[in-house]
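Numbering starts at 1 and runs along the sequence shown.
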Amino acid sequence: LPPARRSSRSAPRRSPIPVRPGASSANSPASTTRSPPLPPPDIAVALDLATAAAALALVDALGDQASWYKVGPVLAVSAGPALVRELTARGKSVFLDLKWHDIPSTAAGAVGAAAALGVALATVHLAGGRAMLESAAAARAGSGLRLVGVGVLTALDAAQLGAGLGRPGTDVGPEQERLVRSALGV
């Protein structure tokens, strides 16, 4: 939200960006770091391609210009763990965007397998519920894998999102603003 719309009475927010060991910010103490530091933030290049050969050709073409690569479901199924191993062997950070949503033991197994491959970031779907999310989080313990919860798919249009929120019509702007404010603590 623009600074003019923020409340001056809001409590300080914790930074959504991981803090590196020994570093601190105005709203995130240095002792907060729970996982090993991630490489410096840059753009995650989406490898939304059908084959490992096409994906690796793009990685080769970009060279050192990118260090993060997103592997989605199509490429994950067609190329499998071998592609993830190849990317990590090249010093690249892998964002595995599979939005796991399954029974807790299956989600935990998938997270554990991703951690063993050296995946840096993976997605779970928040609709999987508390037990699934807790199992997934526990399965990554001791690894550098970080999990991101996905709540709404970006492919939904306003009418679909409105229906999912139980709101009549297609104007979900006020609800989106309320959710953002709630998440930001403003």
Residues which pass side chain to side chain contact (heavy atoms under 4.5 Å, CB included) with [X], listed by chain and number, not counting sequence neighbours:
X: Thr123; answer: Phe95, Asp97, Lys99, Val148, Val150
X: Ala46; answer: Asp48, Lys70
X: Ala54; answer: Leu49, Thr51

Pairwise salt bridge (Lys or Arg N to Asp or Glu O under 4.0 Å) hits with a residue in [range], at least two apart:
range: residues 103-122; result: none
range: residues 108-132; result: Arg130-Glu134
range: residues 71-87; result: Glu86-Arg90

Check: Arg146 side chain, Leu121 main-chain N or O, donor-acceptor pair, under 3.5 Å: no

Side chains of residues 76-84: which donor-acceptor partners sit under 3.5 Å, not counting sequence neighbours?
residue	atom	partner	partner atom	Å
Ser78	OG	Ala50	O	2.7
Ser78	OG	Val74	O	3.3
Ser78	OG	Leu75	O	3.4

Using side-chain heavy atoms (C-beta onward) and a distance below 4.5 Å, is [X] in contact with [Y]?
X: Val119; Y: Thr88; answer: no
X: Leu133; Y: Val124; answer: yes
X: Val59; Y: Val45; answer: no

Sequence neighbours excluded - side-chain hydrogen bond (donor to acceptor under 3.5 Å, both in side chains) pairs with any residue from residues 110-119: none

side-chain hydrogen bond (donor to acceptor under 3.5 Å, both in side chains) partners of residues 108-118, not counting sequence neighbours, each pair once: none

Value rounded to 0.5 Å, distance of OG in Ser143 from CG in Leu117: 11.0 Å

Point-to-point distance, once rounded to the nearest 0.5 Å, from NE2 of His125 to CG of Leu98: 13.0 Å

Shortest non-hydrogen separation from Leu96 to Ala114 and the atoms involved: CD2-CB, 4.1 Å

Closest non-hydrogen atom pair, Tyr69 against Gly63: OH-O, 4.4 Å

Counting only pairs under 3.5 Å, give me each side-chain donor-acceptor contact of residues 100-113, with atom names and distances, residues two or more places apart or in other chains.
residue	atom	partner	partner atom	Å
His101	NE2	Ala127	O	3.3
His101	NE2	Gly128	N	3.4

Sequence neighbours excluded, every pair satisfying ring pair (Phe, Tyr, Trp, His ring centres under 6.0 Å) that has a member inside residues 129-154: none

